[in-house]
J.: 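Please read through the structure below; I'll follow up with questions.
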Amino acid sequence: MAKTDREAHARALLNHDARFTGCVVAGIDEVGRGPLAGNVVTACVVMPPEPLLIWVDDSKKLSESRREKVYEEIMEHAIYVGVGQASPEEIDEINILNATKKAMQEAAAQVPADVFLIDAVTNLGLKGEEVAIIKGDATSYAIAAASIVAKVTRDRQMLEADKLYPQYGFARNKGYGTAEHIAALKEFGPCPLHRRSFIKNFVAE
């Protein structure tokens, strides 16, 4: 995508959020609801209108190297960034949806915002108006920024996990159920980072 197109796309995402006039708008997103291992990680971000960060977008649409660069830009310019997470044990105990909500509440707990734009999750009980948006990371500037913060944070965790448990290929699969990961799970059994409620079809307790 050309620079002019990037600028136009980022501006469209920003204009979406600007409709909430006179309000401080925060975006909330999660990464890691689907993997077999690792935390679910959430971020809550408040972004200023300027400077416009033209690569802020749905984190899934960016390369790993690009996400890392934009993450640093977001951390430099954001008005506020909060990060929350839930462990594999918590996910097993309260299920992935409730764990995601808990992590989102944690990320947003100290964020000074009037409106919370949330990617496809409702009823968090935050101190402000909550607006759930389907595919919010492709619609909202603040949610897109949150998706990048959450994605980079979780990916870094999984790179560290790979050093502890290299047999599962966490650096490559980030805990998702690839063929390589499932084969390793069957061969070596689970490690402490695996979600027991997610892997029962692959390993016997």
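No hydrogens, no waters, no symmetry mates; every other heavy atom, side chains included, goes into these values.
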J.: Within a radius of less than 6.0 Å around CD of Gln110, do more than 12 heavy atoms belonging to other residues, nucleotides or ligands occur?
T.: no
J.: Minimum heavy-atom separation for Ala43 and Ala150, please, with both atom names.
T.: CB-N, 3.9 Å
J.: Got a second to check how far Trp55's CH2 is from Glu73's CD, nearest 0.5 Å?
T.: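 Taking CH2 in Trp55 and CD in Glu73, the distance rounds to 10.5 Å.
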J.: Do side-chain atoms of Arg6 reach the backbone of Ile54 as a donor and acceptor pair under 3.5 angstrom?
T.: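 Answer holds: yes.
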J.: Is Glu130 reaching over with its side chain to a backbone N or O of Thr122, donor-acceptor style, under 3.5 angstrom?
T.: no
J.: Is the backbone of Leu62 close enough, under 3.5 Å, to the side chain of Arg67 for a donor and an acceptor to pair up by distance?
T.: yes
J.: Hey, is Glu72 close enough to Lys69 for a salt bridge, meaning N to O under 4.0 Å?
T.: no
J.: Which pair of non-hydrogen atoms, one from Asp57 and one from Ile148, has the smallest distance, and what is that distance?
T.: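 Heavy atoms only, the tightest pair is O-CD1, 3.5 Å.
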J.: Side-chain heavy atoms nearer than 4.5 Å, only ILVMFWY residues, links allowed to pass through others: does that put Leu36 and Phe170 together?
T.: yes
J.: If you round to the nearest 0.5 Å, how far is CG of Leu159 from CZ of Arg154?
T.: 11.0 Å
J.: Applying side chain to side chain donor-acceptor pair (under 3.5 Å), which residue pairs with at least one partner in residues 23-34 are found, sequence neighbours left out?
T.: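 As it turns out, there is no side chain to side chain donor-acceptor pair (under 3.5 Å) pair with a partner in residues 23-34 once direct neighbours are skipped.
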J.: Given His181, which of Lys186, His194, Arg172 fulfils the side chain to side chain donor-acceptor pair (under 3.5 Å) condition?
T.: His194
J.: Are the side chains of Pro88 and Phe198 in touch, meaning some heavy atoms are under 4.5 Å apart?
T.: no
J.: For Asn39, run the side chain to side chain donor-acceptor pair (under 3.5 Å) check against Gln85, Arg195, Glu90 and tell me which one passes.
T.: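 Among Gln85, Arg195, Glu90, the one meeting side chain to side chain donor-acceptor pair (under 3.5 Å) with Asn39 is Gln85.
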J.: When you look at Arg156 and Glu68, which way does the salt bridge (charged side-chain N to carboxylate O under 4.0 Å, His left out) test go after all the steps?
T.: CA-CA 10 Å; Arg156 289 177 177 180; Glu68 286 281 347; 2.6 Å; yes
J.: Under a 4.0 Å N-O cut-off, is there an ion pair linking Glu50 with Arg11?
T.: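 Salt bridge present between Glu50 and Arg11.
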J.: If we ignore hydrogens and angles and just use 3.5 Å, is the side chain of Thr139 paired with the main-chain N or O of Lys135 as donor and acceptor?
T.: yes
J.: For the OG atom of Ser197 and the CD1 atom of Ile96, what is their distance to the nearest 0.5 Å?
T.: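 Taking OG in Ser197 and CD1 in Ile96, the distance rounds to 8.0 Å.
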J.: Roughly how far, to the nearest 0.5 Å, is the CG atom of Leu52 from the CG atom of Leu14?
T.: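 It is 6.0 Å, given to the nearest 0.5 Å.
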J.: What is the distance from atom OG of Ser59 to atom CD1 of Ile143, rounded to the nearest 0.5 Å?
T.: 12.0 Å
J.: Should Leu13 and Ile28 be counted in the same cluster of Ile, Leu, Val, Met, Phe, Trp and Tyr side chains packed under 4.5 Å apart?
T.: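 Unlinked, Leu13 and Ile28 end up in two clusters.
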J.: Is any side-chain heavy atom of Pro190 less than 4.5 Å from a side-chain heavy atom of Arg196?
T.: yes
J.: With hydrophobic residues grouped by side-chain heavy-atom distances under 4.5 Å, do Ile182 and Met158 end up in a single group?
T.: yes
J.: Any chain of hydrophobic side-chain contacts (each under 4.5 Å) joining Leu117 to Val56?
T.: no
J.: Could you tell me whether the side chain of Lys60 reaches within less than 4.5 Å of the side chain of Asp137, counting heavy atoms only?
T.: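 Contact flag for Asp137/Lys60 side chains = yes.
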J.: Between Tyr71 and Thr153, what is the shortest heavy-atom contact and its length?
T.: CE1-OG1, 4.2 Å
J.: Looking only at heavy atoms, which two atoms of Ala107 and Gly84 are closest? And how far apart?
T.: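 Result for this residue pair: CB-N, 3.5 Å.
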J.: Taking it one step at a time, do Lys174 and Val31 satisfy side chain to side chain contact (heavy atoms under 4.5 Å, CB included)?
T.: CA-CA 11 Å; Lys174 305 300 189 291; Val31 172; over 6 Å; no
J.: Quick one: does any side-chain atom of Asp17 pair with a main-chain N or O of Ser140 as donor and acceptor, under 3.5 Å?
T.: no
J.: Can a donor-acceptor pair be found, under 3.5 Å and without considering hydrogens, that links the side chain of Thr42 to the backbone of Ala103?
T.: yes
J.: Please examine the side chains of Tyr141 and Met47, heavy atoms only from C-beta on, and report whether any two atoms are closer than 4.5 Å.
T.: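 A side-chain contact exists here, since the closest heavy-atom pair is under 4.5 Å.
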J.: Compare every heavy atom of Ala145 with every heavy atom of Val45, then report the nearest pair and how far apart it is.
T.: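 The answer is CG1-CB, 4.0 Å.
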J.: Report yes if some heavy atom in the side chain of Glu106 is under 4.5 Å from a heavy atom in the side chain of Lys102; otherwise report no.
T.: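 The answer is yes; the side chains approach within 4.5 Å.
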J.: For atom CD of Glu93, decide whether the heavy atoms of other residues, nucleotides or ligands shown that lie under 6.0 angstrom number more than 12.
T.: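 Atom CD in Glu93 is not packed in, count stays at 12 or less.
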J.: If hydrophobic clusters are built from ILVMFWY residues whose side chains come within less than 4.5 Å, do Val111 and Met104 share one?
T.: yes
J.: When Phe116 is tested against each of Val46, Leu126, Val24, Val131 for side chain to side chain contact (heavy atoms under 4.5 Å, CB included), which residue passes?
T.: Leu126
J.: Would you say Leu193 and Tyr165 make side-chain contact, with heavy atoms under 4.5 Å?
T.: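 Contact flag for Leu193/Tyr165 side chains = yes.
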J.: Please give me the minimum heavy-atom distance between Asp114 and Gly22, naming the atom from each residue.
T.: OD2-O, 4.3 Å
